[in-house]
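For reference, the structure discussed in these notes is given below.
This one's a predicted model, so the numbers in the text were calculated from it and none came from an experiment. Chain letters run A, B, ... following the sequence lines, proteins first and then strands; every chain starts at 1.
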Protein chains: 2
Amino acid sequence: MEYTIKQAAERVKLPASTLRYYDKNGLMPLLKKTSYGTRQYSETDIHWLELVRCLKDSGMPLDEIKAFMMLCLEGSATSEQRREMLELHRANIERQMRVLTRSLGVINYKLDHYNEIGIFHIDKD
Amino acid sequence: MEYTIKQAAERVKLPASTLRYYDKNGLMPLLKKTSYGTRQYSETDIHWLELVRCLKDSGMPLDEIKAFMMLCLEGSATSEQRREMLELHRANIERQMRVLTRSLGVINYKLDHYNEIGIFHIDKD
DNA sequence: TTACAAGTTAAAGTTAGGTTTAAGTCAAGC
DNA sequence: GCTTGACTTAAACCTAACTTTAACTTGTAA
């Protein structure tokens, strides 16, 4: 089954303009077009887009996602390199989670002690 | 104890240019300057900056942080409004953590099954 | 008193990740 | 055969959050 850009956009919950932007920036090197130029998203393309969303939503820059894609294209010779990228990214996600957990602790503390707090209490509560 | 911008920058681990930027954009309405114009960071300013970092690092836009600051200046009349802001922000942090957890699961799954994966395996592993 | 370090400003430049616009192509329904 | 709707492109525009630059002032040390 193949999808138009609009259908693909609905499936991965990104605007069509974003899908065009990703394609233009080399994130979809395998994407096919019909003879008169419209993009045709295959199931594989959709799955790749879902991975792109997952990586992007967890803070990987598009540049890096593209680099990962390029390594995929080069086949199994690059699998060790790709594993390393994912491991670095995992560490990065874990770091982000620690930052969020720490901030959440501060917010929760503030909320627990939030009776008549003003600017002059910033350093005391 | 008062700090120069450089000392404050070191304490809160932000570049001095960022501290100037924050001041210029109204995030530091209580910051004092010496008679010849250099910024003087008090302990209270430092604590406020630490809260700014905490909010910013957990994804609150500077606009909103500034709005929060302004409410603080208005005193206890706005405490309910500030509590609401913090509660919305807490919910936002929790949402971010769910996104990260979900992505982490995908990455971990990929890493666990990472033997000879290429582009053509994107949809199968 | 001269030079240096540290501060100041306004304004311009940067980066990431898009979105919007303008002008055009194509196939189908009426 | 004409309009409509979905697609295309290149290029311009946008926003957040800074950073850099250029020109300037000020206090301190030699």
Exercise for the section: Please confirm whether the backbone N or O of Thr4(B) pairs with a side-chain atom of Gln7(B), one donor and one acceptor, at under 3.5 Å? Expected result: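 Side chain of Gln7(B) to backbone of Thr4(B): a pair is present.
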Problem - Sidechain-backbone polar pair: Thr101(A) side chain, Met97(A) backbone, donor-acceptor under 3.5 Å - result: yes
Problem - 5' to 3' contact window, DNA chain C with chain A (heavy-atom distance under 4.0 Å) - result: dG17(C) to dA27(C)
Practice task
Please identify each residue that fulfils side-chain hydrogen bond (donor to acceptor under 3.5 Å, both in side chains) with Arg102(A), with sequence neighbours left out.
Solution key: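 Arg102(A) satisfies side-chain hydrogen bond (donor to acceptor under 3.5 Å, both in side chains) with no other residue.
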Handout entry: side-chain hydrogen bond (donor to acceptor under 3.5 Å, both in side chains) partners for Thr78(A), two or more places apart
Key = Arg82(A)
Completion exercise
Heavy-atom contacts, protein to nucleotides 12-25 of chain D, under 4.0 Å, summarised as B (base), S (sugar-phosphate only) or - (none) per nt, yield -----BBBB-----
At a cut-off of 3.5 Å, list every protein nitrogen or oxygen paired with a nitrogen or oxygen from nucleotides 2-8 of chain D, distance to 0.1 Å.
residue	atom	partner	partner atom	Å
dC7(D)	OP1	Thr4(A)	OG1	3.1
dT8(D)	OP1	Arg39(A)	N	2.7
dT8(D)	OP1	Arg39(A)	NH1	3.0
dT8(D)	OP2	Arg20(A)	NE	2.8
dT8(D)	OP2	Arg20(A)	NH2	2.9
dT8(D)	OP2	Arg39(A)	NH1	3.4
dT8(D)	O5'	Arg39(A)	NH1	3.4

Handout entry: Side-chain H-bond candidate by donor/acceptor type, Glu10(A) with Tyr3(A), under 3.5 Å
Key = no
Completion exercise
The side-chain contact (heavy atoms from CB on, under 4.5 Å) partner of Ile93(A) among Arg95(A), Arg90(A), His89(A) is His89(A)
Handout entry: Shortest non-hydrogen contact from Ile5(B) toward Leu19(B)
Key = O-CD1, 3.8 Å
Exercise for the section: May I ask you to decide whether Glu80(B) forms a salt bridge with Arg83(B), counting only side-chain N to carboxylate O separations under 4.0 Å? Expected result: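 Result for this pair is yes, salt bridge flagged.
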Practice task
Only counting residues at least two apart or in another chain, list the ones meeting salt bridge (charged side-chain N to carboxylate O under 4.0 Å, His left out) with Arg39(B).
Solution key: Asp23(B)
Practice task
Would you check if Tyr41(A) and Met1(A) make a side-chain contact, meaning some heavy-atom pair closer than 4.5 Å?
Solution key: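 The answer is no, as the side chains (C-beta and beyond) never meet within the 4.5 Å cut-off.
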